[in-house]
Number of protein chains: 2
Amino acid sequence: MTSTGRADRTVTMREVAERAGVSVTTVSHVVNDKAGARIGAEARARVQQAVVDLGYRPNVLAKNLVQGTSAFIGLVADSIATTPFAGQIIRGAQEEAWRHGHVLLVANTEADEAAERDALAMMLEYKVRGILYSTWTHRATQLPPALAETDHVLVNCYAPGTATRAVVPDEVAGGRSATALLLAQGHRRIAFVNTTSPSPAREGRLQGYREAHAEAGVEVDEALVLDASPEQEGGYGAAERILALGATGVFCHNDRVAMGLYDALRERGLRVPRDMAVVGFDNQEVIAGHLRPPLSTVALPHYELGAAGVRVLLGEQRVEPGASLRVACPVIPRDSISAR
Amino acid sequence: MTSTGRADRTVTMREVAERAGVSVTTVSHVVNDKAGARIGAEARARVQQAVVDLGYRPNVLAKNLVQGTSAFIGLVADSIATTPFAGQIIRGAQEEAWRHGHVLLVANTEADEAAERDALAMMLEYKVRGILYSTWTHRATQLPPALAETDHVLVNCYAPGTATRAVVPDEVAGGRSATALLLAQGHRRIAFVNTTSPSPAREGRLQGYREAHAEAGVEVDEALVLDASPEQEGGYGAAERILALGATGVFCHNDRVAMGLYDALRERGLRVPRDMAVVGFDNQEVIAGHLRPPLSTVALPHYELGAAGVRVLLGEQRVEPGASLRVACPVIPRDSISAR
DNA sequence: CTGAAAGCGCTAACAC
DNA sequence: GTGTTAGCGCTTTCAG
């Protein structure tokens, strides 16, 4: 009657014990490969056979209960929609959690306060090991009080003036890399189309832009720094000004802005990179990899943010209370900066 | 000493009972708002006060154990990366699960068999109520054996020749809608840039294209049906052929193809929609909403797929064994089909 | 080497 | 109205 059981009625350890003719203790020992447990080869084999025959699956919930620890890590995200970004954070967190034998409980709040309260309550009731509180876009945030009831770390956001640990992208270094890409090609008049909305990305990338110039010994003409809405429309609309400034290269606040800029340039019969070198930010796959020519950009490390968040939470990676771990933004060079 | 407790050491029901001077049963009754339980107003108040004072959070794991039911629903996804699509399925499933008092356990397998086995094992050990098995792109799939150990439904995929229930997008109706959009504007020579990869999307949308023509009493010139790789590059490359065919409107297999086509048209000095009306598919926000002009398209109902999957799993929505629930693909009209 | 027994935090009869 | 009691499936001393 050896068949991989379909657990209509869930098989318990006691049943395995009975079938193997041993006690539950013995079953527990062999199932968990207990270190200091000396089980006879014969008994062990019988147990293993019974496990297979019955299609036994341990009940983690019961195990957690008796051990007083759960292997849950909660991830609350303010948005999962719109872009692949949140998905990457989830993926990074999930895979890293797994690697450490933990399981991710995901809750999406769409920035709704009630949903957030419910989500946290739920996680606390599941006795999570800790909570990752993440936002879709890098920003400062207020901490919901319930977070204090368990260990937590912020992902892609930070709480100024608190002792909370955070994991965020290194915007400054990213801005520096993006600008350096252009500088390295010999560009000296590099426009920067920054976003209009105040954010760490806005400040950080601008600072990076300045630092890169300083490192290269190039003076920044502040007139080259523009603001535009951080979408295709913004980039499209900025083209005129960029051209008027005599820039030969442009660092765009994000890939969508670059996409809009591409359109505007094309309409004027200008070619990238021959007439204008362009660098984006975000590495939004659907866009950056498929523009003509493919867009050089700097990637936002969402996967890494999620993964690092888990490591910090589990104490695998140390971050001082109140400090932020800055994760590097890798450069993705493509064809928009040098003719081939 | 009324303070919202920070649960360093987790507070149990027994402690609440002691503080309130009642038995655990009473606490259980008031905490769960038990229907047939007559608890004195006085005792109830004392319990509620104790709950607050101690910062008590029920332990769902223990509750699940005794009740023999868990509130977990597993969602295994083959990919969470690349696009926002998987994210939307997750979001739909998560929110619908919540609405029914359930919690989503997410596992990402990146199409890796071992990861998939582990994911299923994990979910089974957590005694999930059922599993949603989803793929990133609509397709036929093989069922991993472990799935048979619990209730399950397929999301965005299907298993031909099995009794498994599935929830998939209605590609045919979607293709029909997209084509009808063009037909309604008076277009009679409508090119269809289909994908080169065999898939339900390829067959379904083509059938929809034909059906729409039939309904409008327009003969289909088969020469108007082209194949191209389902990305920007494919659309860009198809422009020449489309123009040669004398089409006045194009239905693109997806938004990315449409984006590539836009580029090619612009390079030739042609305008959308004046010189060519364009309709996409997928409603990939980052693209469709921000092309110039914004692209009319048909949305893939990923959120709904996830939500419907949960409903089917929980028996809220009936689907015959072996059958597929087809979810409508809503039309998203924008400016790419008629001059304003 | 193996088993008996206690108990994790909670619910659900069933007494009182 | 409220308390007692017996488990849920499992781990873990502690005996044998």
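In what follows, chains are A, B, ... by sequence order, proteins preceding strands, each numbered from 1.
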Could you check how far [atom1] of [X] sits from [atom2] of [N], rounded to whole Å?
X: A:Glu18; N: D:dG9; atom1: CD; atom2: P; value: 12 Å
X: B:Glu42; N: D:dT2; atom1: CD; atom2: C1'; value: 13 Å
X: A:His29; N: C:dC1; atom1: NE2; atom2: C1'; value: 10 Å
X: A:Met13; N: D:dT12; atom1: CE; atom2: P; value: 10 Å
X: B:Arg44; N: D:dG1; atom1: CZ; atom2: C1'; value: 11 Å
X: B:Arg14; N: C:dG7; atom1: CZ; atom2: P; value: 11 Å
X: A:Leu65; N: D:dG9; atom1: CG; atom2: C1'; value: 9 Å
X: A:Glu15; N: D:dC10; atom1: CD; atom2: C1'; value: 14 Å

Base, sugar-phosphate or nothing for [X]? Non-hydrogen atoms, less than 4.0 Å.
X: B:Asn64; answer: nothing
X: A:Gly68; answer: nothing
X: B:Ile39; answer: sugar-phosphate
X: A:Lys127; answer: nothing

(message) Check this for me: does the side-chain of A:Thr25 come within 3.5 Å of the base of C:dA4 through a donor and an acceptor?
(response)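 In this structure, the two groups form a donor-acceptor pair.
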(message) For the backbone of A:Thr12 and the side chain of A:Glu15, can you confirm whether one donor and one acceptor N or O come within less than 3.5 Å of each other?
(response)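 Such a contact is found between A:Glu15 side chain and A:Thr12 backbone.
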(request) Please state whether the phosphate of D:dG9, meaning OP1 or OP2, lies under 4.0 angstrom from any side-chain nitrogen or oxygen of B:Tyr126. (result)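 So the side chain of B:Tyr126 is outside the cut-off, no N or O lying under 4.0 Å from OP1 or OP2 of D:dG9.
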(message) Using ring centroids (six-membered ring only for Trp), state whether B:Phe72 and A:Phe72 fall under 6.0 Å.
(response)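 Aromatic pair counts; centres sit under 6.0 Å.
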(request) From the options D:dG9, C:dC10, D:dG3, select the nucleotide whose nearest atom is closest to the side chain of B:Thr26. (result)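 Side chain of B:Thr26 sits closest to D:dG3.
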Donor-acceptor contacts under 3.5 Å from residues 152-165 of chain B side chains, at least two apart:
unit_1: B:His152; atom_1: ND1; unit_2: B:Leu147; atom_2: O; d: 3.1
unit_1: B:His152; atom_1: ND1; unit_2: B:Thr150; atom_2: O; d: 2.9
unit_1: B:Asn156; atom_1: ND2; unit_2: B:Thr135; atom_2: O; d: 3.1
unit_1: B:Asn156; atom_1: ND2; unit_2: B:Trp136; atom_2: O; d: 3.2
unit_1: B:Thr162; atom_1: OG1; unit_2: B:Ala159; atom_2: O; d: 2.9
unit_1: B:Thr162; atom_1: OG1; unit_2: B:Thr164; atom_2: N; d: 3.2
unit_1: B:Thr162; atom_1: OG1; unit_2: B:Thr164; atom_2: OG1; d: 2.8
unit_1: B:Arg165; atom_1: NH2; unit_2: B:Asp151; atom_2: OD1; d: 3.0

(message) When you compare the side chain of B:Val319 with that of B:Ser324, does any pair of heavy atoms fall below 4.5 Å?
(response)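 No - every pair of side-chain heavy atoms lies 4.5 Å or more apart.
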(request) Evaluate the side-chain proximity of B:Ile73 to B:Val103: yes if any heavy-atom separation is below 4.5 Å, no if none is. (result)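 With C-beta onward as the side chain, the pair stays apart.
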(request) Nearest-nucleotide wise, let me know which of B:Val24 and A:Ala43 is further upstream toward the 5' end of DNA chain C. (result)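 Taking each residue's closest nucleotide, the earlier one in sequence belongs to A:Ala43.
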(request) Please figure out whether B:Gly21 or A:Lys34 has its closest DNA chain D nucleotide nearer the 5' end. (result)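 That would be B:Gly21.
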